[in-house]
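Read through the structure below, which is laid out as C-alpha cells, and then see the notes.
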Amino acid sequence: QVQLVESGGGLVQAGGSLRLSCAASGIILSINTMGWHRQAPGKQRELVATITSGGSTNYVNSVKGRFTISRDNAKNTVYLQMNSLKPEDTAVYYCAAKRPTSFRYDYWGQGTQVTVSS
C-alpha cells in the first residue's frame with residue numbers, strides 16, 4: 001500500500017527555518033508529481049510547492065524565495081526547506097503524490113503542524 005509520512009514540523013520563531021520531510025513507501029516518488037500543501041485555520045487548503053518527475057518546480061507566490069522543494073530519489077523522500085518563516089506560514093502541511101495519469105493528487109500524508117510565532 002502507498003504511504004506518505006510527513007515529519008519535521010514544529011514550533012519556530014519568525015525568521016527561523018524548518019525542513020519538512022515526506023517519506024514514501026509503495027510508490028516511486030521520482031515518477032510522480034509531488035506537492036506540498038498547507039491548510040491554516042479558517043482557510044482553504046493551498047498548494048504551496050510542486051516538483052514534477054522531470055524536476056521542474058513551482059511555488060505559490062507567497063513562499064517564492066523562501067521555500068525550496070526537493071527530492072532524494074535514493075531515499076524516496078521529498079523535502080520542503082522553509083526559510084525566513086513568517087507567522088502566516090502557520091498551518092498543517094501535507095505531502096501528496098499525483099500519478100502520471102492523474103489530474104488530481106492521489107495519495108496524501110497525514111500532515112505535520114508548523115507553527116511560527118511572532
Of the non-hydrogen atoms in [X] and [Y], which two are nearest, and what is the gap between them?
| X | Y | answer |
| --- | --- | --- |
| R38 | S62 | NH2-OG, 3.4 Å |
| G35 | L47 | CA-CD1, 4.3 Å |
| H37 | A96 | CE1-CB, 3.7 Å |

Donor-acceptor list for residues 3-16 side chains, cut-off 3.5 Å, not counting sequence neighbours:
from : atom 1 : to   : atom 2 : distance (Å)
E6   : OE1    : Q110 : N      : 2.9
E6   : OE1    : Q110 : NE2    : 3.4
E6   : OE1    : G111 : N      : 2.9
E6   : OE2    : C95  : N      : 2.7
E6   : OE2    : G111 : N      : 3.3

Gap separating the [atom1] atom of [X] from the [atom2] atom of [Y], nearest 0.5 angstrom:
| X | Y | atom1 | atom2 | result |
| --- | --- | --- | --- | --- |
| S70 | Q81 | OG | CD | 8.0 Å |
| K75 | C22 | NZ | SG | 14.0 Å |
| S17 | M82 | OG | CE | 9.0 Å |

Short side-chain to backbone donor-acceptor contact, [X] and [Y], under 3.5 Å:
| X | Y | answer |
| --- | --- | --- |
| S84 | R66 | no |
| R45 | Y94 | no |
| N76 | N73 | no |

Using the side-chain contact (heavy atoms from CB on, under 4.5 Å) rule, pick out the option among T57, L80, L20 that qualifies with F67. L80
Sort out for me which residue in I51, V48, N58 forms a side-chain contact (heavy atoms from CB on, under 4.5 Å) with I69. I51
According to a hydrophobic-cluster definition based on side-chain heavy atoms being under 4.5 Å apart (Ile, Leu, Val, Met, Phe, Trp, Tyr only), do [X] and [Y] belong together?
| X | Y | answer |
| --- | --- | --- |
| Y93 | Y59 | yes |
| Y105 | L29 | no |
| V60 | V78 | yes |
| M34 | I27 | yes |

Pairing donors with acceptors under 3.5 angstrom, does anything connect the side chains of T77 and D72? no
Regarding R19 and Y79, do their side chains bring together a donor and an acceptor under 3.5 Å, going by distance alone? no
T90/Q113 under side-chain contact (heavy atoms from CB on, under 4.5 Å): CA gap, chis, key distance, verdict: CA-CA 8 Å; T90 295; Q113 176 71 48; 4.0 Å; yes
Looking at D106 and R99, is any side-chain nitrogen of the basic one under 4.0 Å from a carboxylate oxygen of the acidic one? yes
With a 4.5 Å cut-off on side-chain heavy atoms, are T112 and V92 touching? no
